[in-house]
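Structure first, commentary second.
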Amino acid sequence: MRIATWNVNSVKQRVPRLLPWLDQRAPDVVCLQELKLTEDVFGELLGSELEARGYEWAALGEKSWNGVAILSRVGLTDVTPGLEGGPGFPHQEARALAATCGGVRVHSLYVPNGRVPDSDHYAYKLEWLARLREVVAAGPADAVVCGDMNIAPADADVFDPAAYVGHTHVTAPERDALNALLACGLRDVVRDRWPDERVFTYWDYRAGMFHKDCGMRIDLILASEPVAKRVEAAWVDRQARKGTGPSDHAPVIVDLDTAPDGDIGPMVPPPSARPSRGRTKLPQAKIVDRG
DNA sequence: ATGCCTTAAATCTTAAGA
């Protein structure tokens, strides 16, 4: 089972890159972030294209900003839109979506940016991460936490650590929050696979940063121990950052072997063998005041 | 030079990203 996560930086702008990428990489489960549109527009834009490729999908979006989705061709059940009990700014944003795919609880996350340390955005980011830890800790044993975490786990995950001192994404409270999440029993499977390599997932569009490989590793796939044991490959798809009209983030891809009992979830017939089904209807994100 | 690029939304400029 191949699981991928990709911050597409506007799915509308990325359609010419996303569809060929789905065909070439053939992921079974895809977590998307920064849709920058509502789930209704997402369905109008991609519903038929995804169905033709055998994907079910769920999305939580909003106009202009944020937005997350999960695509799956190994089943998509128990969809949870939003971060249950999570903070808002002031209202809860479209930053979290979970579903069970192929027997694994999959989280697609777009963690708040934080902007400037000690700002209200930064406090919101830390509150959001604290609640995420609680939600993941209370969840199933087989889980993957995927997405744009907006934290570089270590100095090796930033092209110039000195230049980032005092900036968000690298501060101790942010890294503490990420480590607390990992302490739920999650593994950073890309770093595990490439312990000493220069691995980035995001490069600023400006000043030829990708060409110079001046980036950051902020898009992560964190796997619970039972899932981490099944990892056969874990890598960043730098090809998707090249060429015309890329996102500023590259996809992260992890391949799992089948579970010990061979169970990767419910059997899903090819789309030609089952009646057409619409998109998975979702309730609005619960709106929670920060108090 | 608090910028260099790309996005969205509302204009002909601003906010946001990290």
Side-chain angles (χ1 to χ4, degrees), chain A residues 5-18 21 32-42 44-46 59-69 88-96 108-126 128-129 146-175 177-178 198-220 236 238 240-252:
Chain A
T5 185
W6 192 6
N7 179 327
V8 291
N9 186 16
S10 173
V11 71
K12 185 179 280 185
Q13 294 302 317
R14 219 57 61 209
V15 168
R17 299 298 301 260
L18 176 61
W21 177 84
L32 299 175
Q33 300 88 35
E34 284 211 81
L35 305 179
K36 296 190 174 181
L37 42 67
T38 64
E39 56 266 24
D40 289 341
V41 177
F42 182 88
E44 292 163 14
L45 185 70
L46 284 172
L60 180 66
E62 61 188 76
K63 188 177 167 144
S64 306
W65 305 112
N66 308 316
V68 287
F89 196 86
H91 305 303
Q92 192 169 116
E93 301 173 303
R95 294 182 176 277
S108 180
L109 306 175
Y110 178 46
V111 174
N113 176 289
R115 298 194 188 182
V116 178
D118 302 323
S119 65
D120 48 0
H121 288 89
Y122 183 81
Y124 167 53
K125 180 179 192 175
L126 294 178
W128 201 94
L129 288 163
C146 305
D148 180 353
M149 304 302 291
N150 269 322
I151 300 170
D155 282 352
D157 299 309
V158 181
F159 76 98
D160 184 358
Y164 279 85
V165 170
H167 292 252
T168 54
H169 298 63
V170 303
T171 67
E174 289 165 277
R175 286 177 171 168
L178 181 62
R198 183 181 177 94
V199 183
F200 299 137
T201 66
Y202 161 86
W203 302 260
D204 198 297
Y205 283 123
R206 293 172 286 189
M209 297 287 265
F210 178 71
H211 181 69
K212 292 182 272 192
D213 197 24
C214 293
M216 306 174 79
R217 191 174 70 94
I218 55 177
D219 301 270
L220 308 178
V236 175
R238 290 174 52 91
R241 182 62 177 79
K242 301 178 183 177
T244 305
S247 170
D248 43 2
H249 296 250
V252 182

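Just so it is clear, the structure is predicted and the values come from calculations on it, not from any experiment. Chain A is the first sequence line, chain B the second, and so forth, proteins listed ahead of strands; every chain is numbered from 1.
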| query | Which whole-number value in Å describes the distance from A:Arg17 CZ to B:dT6 P? | reply | 13 Å
| request: Ignoring hydrogens and angles, tell me if any N or O in the side chain of A:Glu34 forms a donor-acceptor pair with the backbone of A:Asn7 under 3.5 Å. | output: no
| query | Base, sugar-phosphate, or nothing: which does A:Tyr202 touch, judged by heavy atoms less than 4.0 Å apart? | reply | sugar-phosphate
| said: Let's see if you can work this out: which of B:dT7, B:dC5, B:dA18 has an atom nearest to the side-chain heavy atoms of A:Lys36? | reply: B:dT7
| Taking only side-chain nitrogens and oxygens of A:Arg115, does any of them come within less than 4.0 Å of OP1 or OP2 of B:dA16? | yes
| message | Would the distance check show the side chain of A:Arg198 and the main-chain N or O of A:Asp213 forming a donor-acceptor pair, the cut-off being under 3.5 Å? | response | yes
| message | I need the CD1-P distance between A:Ile218 and B:dG17, as an integer number of Å. | response | 12 Å
| query | Rounded to whole angstrom units, what separation is found between the CZ atom of A:Phe210 and the P atom of B:dG17? | reply | 23 Å
| task | Take atom CE of A:Met209 and atom P of B:dC5, then tell me their distance rounded to the nearest Å. | result | 12 Å
| Less than 6.0 Å separating the ring centroids of A:Phe89 and A:His121? | yes
| task | Name the closest nucleotide to the A:Trp65 side chain, picking from B:dA9, B:dC4, B:dT7. | result | B:dT7
| query | Using 30° and 60° as the class limits, which term best fits the ring planes of A:Tyr202 and A:His249: parallel, tilted or perpendicular? | reply | tilted
| field | Gap in Å between the two P atoms, one belonging to B:dC12 and one to B:dG17, rounded | value | 23 Å
| Which nucleotide in the list B:dC4, B:dA8, B:dA18 gets nearest to the side chain of A:Ser10? | B:dA8
| said: What contact category does A:Met216 fall into here, base, sugar-phosphate, or nothing, at under 4.0 angstrom with non-hydrogen atoms? | reply: sugar-phosphate
| task | Taking the side chain as every heavy atom from C-beta outward, state whether A:Thr201 and A:Ile218 have any atom pair closer than 4.5 Å. | result | yes
| said: Applying a 4.0 Å non-hydrogen cut-off, can you work out what A:His249 is touching in the nucleic acid: base, sugar-phosphate, or nothing? | reply: sugar-phosphate
| field | Residue met sooner reading DNA chain B from 5', once A:Asn113 and A:Gln13 are mapped to nucleotides | value | A:Gln13
| field | Spacing between A:Arg95 atom CZ and B:dG17 atom C1', to the nearest angstrom | value | 11 Å
| task | May I ask you to say what A:Asp148 touches in the nucleic acid, namely base, sugar-phosphate or nothing, with a heavy-atom cut-off under 4.0 Å? | result | sugar-phosphate
| query | In whole angstrom, what separates A:Lys12's NZ from B:dT7's C1'? | reply | 12 Å
| request: Indicate whether OP1 or OP2 belonging to B:dA18 is found under 4.0 Å from a side-chain N or O atom of A:Tyr110. | output: yes
| field | Any-strand Watson-Crick or G-U partner of B:dT11, both distances under 3.5 Å | value | none
| field | Between C1' of B:dC5 and CG of A:Asp204, the distance in whole Å | value | 7 Å
| message | If you compare every side-chain N and O of A:Ser247 against the phosphate oxygens of B:dT6 (OP1, OP2), does one of them come in below 4.0 Å? | response | no
| Length of the line joining A:Asn7:CG and B:dA16:C1', which is rounded to integer Å | 13 Å
| query | Counting only side-chain N and O atoms of A:Asn9, is one of them less than 4.0 Å from OP1 or OP2 of B:dT6? | reply | no
| task | Determine whether A:Glu174 and A:Leu126 make a side-chain contact, defined as any pair of heavy atoms from C-beta on separated by less than 4.5 Å. | result | yes
| message | Using a 4.0 Å heavy-atom cut-off, does A:Thr168 contact any base of the nucleic acid, only the sugar-phosphate backbone, or nothing at all? | response | nothing
